[in-house]
Amino acid sequence: MKYARIWQLMLAVIVFTLTASAQHVSGAGGSMGPGVGHGANGADHGKMSSNSAGSTHGMTMNQILSKNTTLAGKIQKLTGTPAQQSCSGFKNLGQCVAAAHVSKNLGITFACMHADMTGQAPAKGSGCPTGTGTKSLSLGKTIQTLSPQVDSKLESKKANKQADADLKDSEAHS
């Protein structure tokens, strides 16, 4: 009898846990598609409400940027290159926008930021330090590597806030 009660309790806990997990997953809302969060620094950039103009669920970063001309224009203004080109290789859109802000804020060449954060070698003649782009680094580590005299945590936080604002603003205008 004692074992039967323990099994019933365990079964109830398992059923409750599975139900709660299923509700959490399905309640995620309409995000800007896979990989749009800003996971490397713990912030989640790029969430769009499910009632925003047009769904972006399941879209690639290039498709999102093609559809969201406000954000694409902002990225191009910050980096000096087309948004699709600027964001290629980044894990998500929020990471790209934050890197663009760091580049502008600190005067670091975006090509060097891109190389260190994506792990892709920079183009020849980019003026990046030796070793840039040898492995994929977080935003904070990239700042620390390319501009060691600044407070990388503070600059990373500032850029993440700016990226959040850009993503919200572009959502409102799209």
Evaluate the side-chain proximity of D166 to I75: yes if any heavy-atom separation is below 4.5 Å, no if none is.
no
Tell me whether Q85 contacts the main-chain N or O of P82 through its side chain, where contact means a donor paired with an acceptor under 3.5 Å.
no
Closest non-hydrogen atom pair, G140 against S156
N-OG, 4.2 Å
Is there a side-chain contact between T142 and V102 (heavy atoms, below 4.5 Å)?
no
Rounded to the nearest 0.5 Å, what separation is found between the OG1 atom of T70 and the CG atom of L65?
11.5 Å
Quick check: closest heavy atoms across S126 and A111, and the distance to 0.1 Å?
CB-CB, 4.3 Å
To the nearest 0.5 Å, atom NZ of K158 lies from atom CG of L106 at 7.5 Å
Please name the residue in the list V97, N105, L78 that meets the side-chain contact (heavy atoms from CB on, under 4.5 Å) test with Q162.
N105
Give me the atom names and distance for the closest heavy-atom approach of A159 to A98.
CB-O, 3.5 Å
Minimum heavy-atom separation for T69 to S66, with atom names?
CG2-O, 3.8 Å
With a 4.5 Å cut-off on side-chain heavy-atom distances among I, L, V, M, F, W and Y, is there a chain of contacts connecting M117 to V150?
yes
What do the steps show when you test S86 against Q76 for side chain to side chain donor-acceptor pair (under 3.5 Å), and what is the final call?
CA-CA 8 Å; S86 296; Q76 183 166 351; over 6 Å; no
Do P129 and C112 have side chains that approach each other closer than 4.5 Å (heavy atoms only, starting at C-beta)?
yes
Could you give the distance from CG (L93) to CD1 (I64), rounded to the nearest 0.5 Å?
6.0 Å
Answer whether the closest heavy-atom distance between the side chains of I143 and K153 falls below 4.5 Å.
no
Taken to the nearest 0.5 Å, the spacing of K74 NZ from L167 CG works out to 11.0 Å
CG of L71 to SG of C87: how many Å apart, nearest 0.5 Å?
7.5 Å
K91 vs S136 side-chain heavy atoms within contact, under 4.5 Å
yes
How close do S170 and N68 get, counting heavy atoms only, and between which atoms?
OG-ND2, 3.2 Å
In short, M61 meets F90 closest at the heavy-atom pair CE-O, 3.3 Å
Can you tell me how far apart OG1 (T79) and CE (M113) are? Round to the nearest 0.5 Å.
12.0 Å
Q95 side chain near L139 side chain, heavy-atom distance below 4.5 Å:
no
Are the side chain of S103 and the backbone N or O of F110 linked by a donor-acceptor pair below 3.5 Å?
yes
Determine whether H114 and P122 make a side-chain contact, defined as any pair of heavy atoms from C-beta on separated by less than 4.5 Å.
no
